[in-house]
Asks: 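Here you go, one structure.
Model, not experiment: these values are computed from the prediction.
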Amino acid sequence: MDQPLFRSFVSVRDTGRAVGAGVLLADDAVLTCAHVVNSALGRDRYDQTLPGPGQAVRVRLPHVAPDRDLTARVEPALWSPPRATAGGSRPVPPGAHLHHGDLAVLRLPGPAPAGAEPAPFLPHAYGNEVIALWASGHPLPTVRAVPRVSAPPWVALDVVGGTEVREGFSGGPLWDRDRQAVVGLVVADHRTPAGARQPQAAATLYAISVPAIEAELPELPPPLVPTARRGVQQLLAVLETILTTPDAVRGCEELLASRLLRPSLGPGADLDRLVGLAVGVRRGVPELLQAVREVMPAGGGPQWERLRRVARAVSPGESLTRKQQRDLNGLLAHCGRTDPRQLLADVLPHAIELPAVTGLADALDVLEGFEAQGAQPMPPLLQGVVRIGVDESEVGAYPAEDLEAWTERTALRLGVDVAAVRQYAADVRGYRAERARAAAEQHTRRSFHPTDLHAARNAAHHDTRQTAGWADVGSAAVGMAPLGTAPVEAATTGPAPVGPAPSVNGSRPSRYGTEGGARLSEVPRVQVELLPTATGRHYTYQVWAWSGGDAPHRLVLARDTEVTSEQVVDDIHRVLVEEIREDPEPALVEFFLPAAWLGLPVDRWESFDSDEDGPFGLGFTRRVVIRTARRSRESYAGWKRRTAALDTARSLVLDHGSTDRKVARARLELQPEVGTVIVCCEPRHHGALLRQCVQAGVHTVLWHREEHGDSVAAGLLELVEGGHHTQLPETVRLERAKAVAEAASTGHRGRQLSLMYDAPDHRPPQLAPDAWVLTQP
């Protein structure tokens with residue numbers, strides 16, 4: 001167990017201490033992070049200059065030769081220092097997260113010591129537990145984590161056990177214990193500030209994935225993969241029917257070896273050598289198919305189809321060659337109109353669970369692992385590329401035309417009829433045109449007088465032509481619409497219903513179910529992950545922005561140095577002005593706080609310099625809600641149960657009689673359908689009750705920070721009971737605004753009103769700690 005990890009683990013050292021780790025990539029090559037190399041050489045960790053030939057790095061293989069230090073030098077062609085953005089070379093601000101590059105290959109003076117072996121590599125699998133060793137390689141300080149979301153250039157992993165994450169894990173391999181392969185390199189962690197109330201531990205670990213490593217270092221030799229594969233004997237058998245002469249086998253082996261940067265055996269090559277080359281490295285099997293096609297260009301017939309099927313069994317997640325993948329990733333870097341998660345949902349509408357991805361390259365890596373279903377001639381990978389190209393064609397020829405050319409060339413190699421590709425693209429365009437027409441007609445229905453509606457509908461139908469070829473694309477027609485939606489034609493028949501639409505349980509929501517025609521889930525938002533210091537007066541934070549519609553969540557600011565609350569508000573205001581489109585609804589500002597800091601009065605924060613009209617107060621100018629930065633897996637079941645009953649949920653008051661935590665928990669357990677809790681007791685008990693609500697799965701808590709008593713509880717209940725839960729953030733904002741407007745009234749309830757709102761219509765941002773994925777519907 002884990003012996004391939006120990007035989008390939010490398011400790012990167014600075015004189016007598018370990019500063020980071022690496023992994024043996026070849027007999028004389030070590031892969032690590034560039035910032036680890038910089039630390040070992042005594043340089044600034046973000047230094048971008050290439051270390052000179054005289055600057056040697058000391059490394060050690062602790063499980064093979066624990067007392068022997070080796071010298072290694074940076075391979076110039078494989079040096080990718082940290083940089084701030086995907087393009088260009090702008091340096092990284094000190095301590096910043098989410099940087100690009102940060103990879104290096106160290107060349108040993110000769111083969112590694114006896115007993116060492118290069119590590120096998122595979123792409124990460126969501127849900128598979130991985131481990132990371134500290135720089136020394138000692139097995140005791142080991143971190144256990146689970147990959148959660150891929151947000152290029154990094155993968156975020158939830159730390160689920162093991163030792164504390166600290167300096168020295170960087171550059172080390174992430175090891176998948178189930179598949180016995182390296183799935184990435186540790187690059188950073190997300191940690192609690194020193195002196196904070198909760199333990200100093202990383203909730204999230206960040207890594208550079210194997211596909212990201214290959215994209216960043218295109219000249220990197222293909223890494224090894226685990227050799228135990230099904231279908232190898234079948235692959236040998238079918239190749240015997242295609243490569244029938246020694247010259248054909250030798251020509252194919254020489255071509256494949258050159259593309260995989262491996263030595264050729266020349267006249268000594270045979271089919272075993274040929275297949276061994278292909279199945280031993282990443283993307284070797286697609287390269288084998290390409291080499292066979294070039295050596296035997298006149299080939300065809302059933303044996304070629306069988307070869308493709310067997311190759312898919314041997315290498316189920318790989319159908320593209322290295323060059324095809326690099327070309328595609330280069331084009332995807334210019335694409336920004338397609339939401340990756342929506343792309344997966346559209347192409348795989350019946351998939352039970354889809355991985356969390358935020359980059360198009362990662363989404364297509366997922367699609368590459370799926371086969372075409374039923375009579376559908378188009379594999380999901382090509383479907384995804386076609387959809388991206390259609391999106392991009394709406395704004396210009398590039399890169400849409402190049403994506404189209406790439407798709408058709410790749411289709412030929414995969415045995416897909418180019419006519420099917422073109423038909424699928426036409427169907428996608430036709431479906432979107434039909435959907436746009438239906439939306440325009442719906443808008444006409446709402447805007448025109450009833451006497452004009454009939455003529456408008458007839459005019460719209462007069463210009464509509466049938467979309468051709470629906471039956472010819474098999475299951476592609478199903479993939480055109482998100483799972484669970486009705487056909488577009490159903491939306492245009494009959495008069496529009498009056499009033500709100502029925503909820504999922506058949507009842508109609510109250511009149512507060514929408515806000516000015518827009519659901520709360522569609523309102524633009526700014527999300528702030530706030531990490532207070534021990535005193536609670538200075539903060540570090542990250543800010544995400546979402547402007548609504550099809551726009552993705554984007555990390556727009558990471559503040560690593562401790563600042564005051566006024567600076568936090570200044571930064572939020574700048575994001576609101578520069579990043580958010582606020583017409584017609586004001587944006588929602590969400591503060592994600594650790595459980596110990598849920599009582600922080602963020603809704604009362606203001607800045608005196610950020611608004612030209614005077615002080616900018618968040619709580620009454622924007623909807624401000626508090627959310628939990630961590631929701632344990634134990635509390636998730638309760639949250640899910642209460643969420644399912646939201647439309648009919650009742651409210652519960654936790655007053656002075658519930659300040660005992662055992663009593664509060666019992667009351668919450670007795671009423672599992674309660675969706676909203678009013679906390680109304682002495683302020684010193686607020687923190688404990690708020691944490692109790694989180695643990696019980698409650699997502700909406702309203703409380704007054706200073707006052708309590710029966711009259712206060714009755715007033716808060718009045719606010720809650722008046723409408724649908726989605727209206728509550730706006731109701732609370734208006735109460736705060738009234739309190740500010742009534743300057744003479746110092747006792748208005750809105751002055752100290754706070755709302756924790758962790759409801760299901762909130763989408764999580766990209767790189768977020770532990771429980772973001774738990775609160776995602």
Asks: Classify the side-chain pair S264/E253 by whether it contains a donor and acceptor separated by less than 3.5 Å.
Replies: yes

Asks: Does the E254 side chain pair with the main chain of G251, one donor and one acceptor, at a distance under 3.5 Å?
Replies: no

Asks: What closest approach, in Å, do P51 and V37 show between heavy atoms, and which atom pair accounts for it?
Replies: CG-CG1, 4.4 Å

Asks: Looking at OG1 of T410 and CG of L328, how far apart are the two atoms once the value is rounded to the nearest 0.5 Å?
Replies: 7.5 Å

Asks: Charged N to carboxylate O under 4.0 angstrom, R259 versus E294?
Replies: yes

Asks: Counting C-beta onward and ignoring hydrogens, is there a side-chain heavy-atom pair between V74 and L50 closer than 4.5 Å?
Replies: yes

Asks: Does Q48 reach the main-chain N or O of P82 with its side chain, forming a donor-acceptor pair under 3.5 Å?
Replies: yes

Asks: How about H334 and Y398: are their ring centroids closer than 6.0 Å?
Replies: yes

Asks: Do L220 and L25 touch side chain to side chain, with heavy atoms closer than 4.5 Å?
Replies: yes

Asks: Would you give the length of the straight line joining atom CG of D270 to atom CG of L243, rounded to the nearest 0.5 angstrom?
Replies: 12.0 Å

Asks: Nearest heavy-atom pair of A72 and L106: which atoms, and what distance?
Replies: CB-CB, 3.8 Å

Asks: Indicate the ring-plane relationship of H99 and H35, choosing parallel, tilted or perpendicular according to the 30° and 60° boundaries.
Replies: perpendicular

Asks: For the atom pair CG (L103) and OG1 (T32), what is the distance rounded to the nearest 0.5 Å?
Replies: 9.0 Å

Asks: So, R341 side chain and L344 main chain: donor-acceptor pair closer than 3.5 Å or not?
Replies: no

Asks: Return yes when atom CZ of R43 has more than 12 non-hydrogen atoms of other residues, nucleotides or ligands closer than 6.0 Å, and no otherwise.
Replies: yes

Asks: For A257, does its backbone N or O pair with a side-chain atom of R262 as donor and acceptor, under 3.5 Å?
Replies: no

Asks: Only one of R282, Q325, R312 clears side-chain hydrogen bond (donor to acceptor under 3.5 Å, both in side chains) with E318; which?
Replies: R282

Asks: Checking side-chain polar atoms at under 3.5 Å, does W175 have a donor or acceptor matched by the opposite partner on D2?
Replies: yes

Asks: For the CD atom of E214 and the CD atom of E219, what is their distance to the nearest 0.5 Å?
Replies: 13.0 Å

Asks: Supply the atom-to-atom distance L205 CG to F169 CZ, rounded to the nearest 0.5 angstrom.
Replies: 8.5 Å

Asks: Does a side-chain heavy-atom distance below 4.5 Å link L70 with L61?
Replies: yes

Asks: Answer whether the closest heavy-atom distance between the side chains of I388 and L332 falls below 4.5 Å.
Replies: yes

Asks: Under 3.5 Å, is there a donor-acceptor pair between the side chain of W406 and the main chain of Q324?
Replies: yes

Asks: In terms of side-chain geometry, is the basic nitrogen of R58 or D14 positioned less than 4.0 Å from the acidic oxygen of its partner?
Replies: no

Asks: Compare every heavy atom of A135 with every heavy atom of A21, then report the nearest pair and how far apart it is.
Replies: CB-CA, 4.3 Å

Asks: For V187 and S170, work out which heavy atoms get closest and say how close.
Replies: O-OG, 3.6 Å

Asks: Step by step, would you call R83 with E216 a salt bridge (Lys or Arg N to Asp or Glu O under 4.0 Å)?
Replies: CA-CA 12 Å; R83 62 183 187 276; E216 190 69 33; 2.7 Å; yes

Asks: I'd like to know if the side chain of R179 reaches the main chain of A181, judged simply by a donor and an acceptor atom lying under 3.5 Å from each other, with no hydrogens or angles considered.
Replies: no

Asks: For R413 and T321, test the side chains for any donor-to-acceptor distance below 3.5 angstrom and give the result as yes or no.
Replies: no

Asks: Salt bridge check: are E368 and R283 linked by an N-O gap of less than 4.0 Å?
Replies: yes

Asks: Apply salt bridge (Lys or Arg N to Asp or Glu O under 4.0 Å) to the pair E129 and R144, showing each step before the final yes or no.
Replies: CA-CA 7 Å; E129 185 172 290; R144 295 169 33 237; 2.9 Å; yes

Asks: Is a side-chain N or O of S315 found less than 3.5 angstrom from the main chain of V285, in a donor-acceptor match?
Replies: no

Asks: Hydrogens and angles aside, do D47 and N38 bring a side-chain donor and acceptor to less than 3.5 Å of each other?
Replies: no

Asks: Using the side-chain contact (heavy atoms from CB on, under 4.5 Å) definition, which of the options L320, L256, V292, L255 pairs with E287?
Replies: L256

Asks: Which value, rounded to the nearest 0.5 Å, describes the distance between L288 atom CG and C252 atom SG?
Replies: 5.5 Å

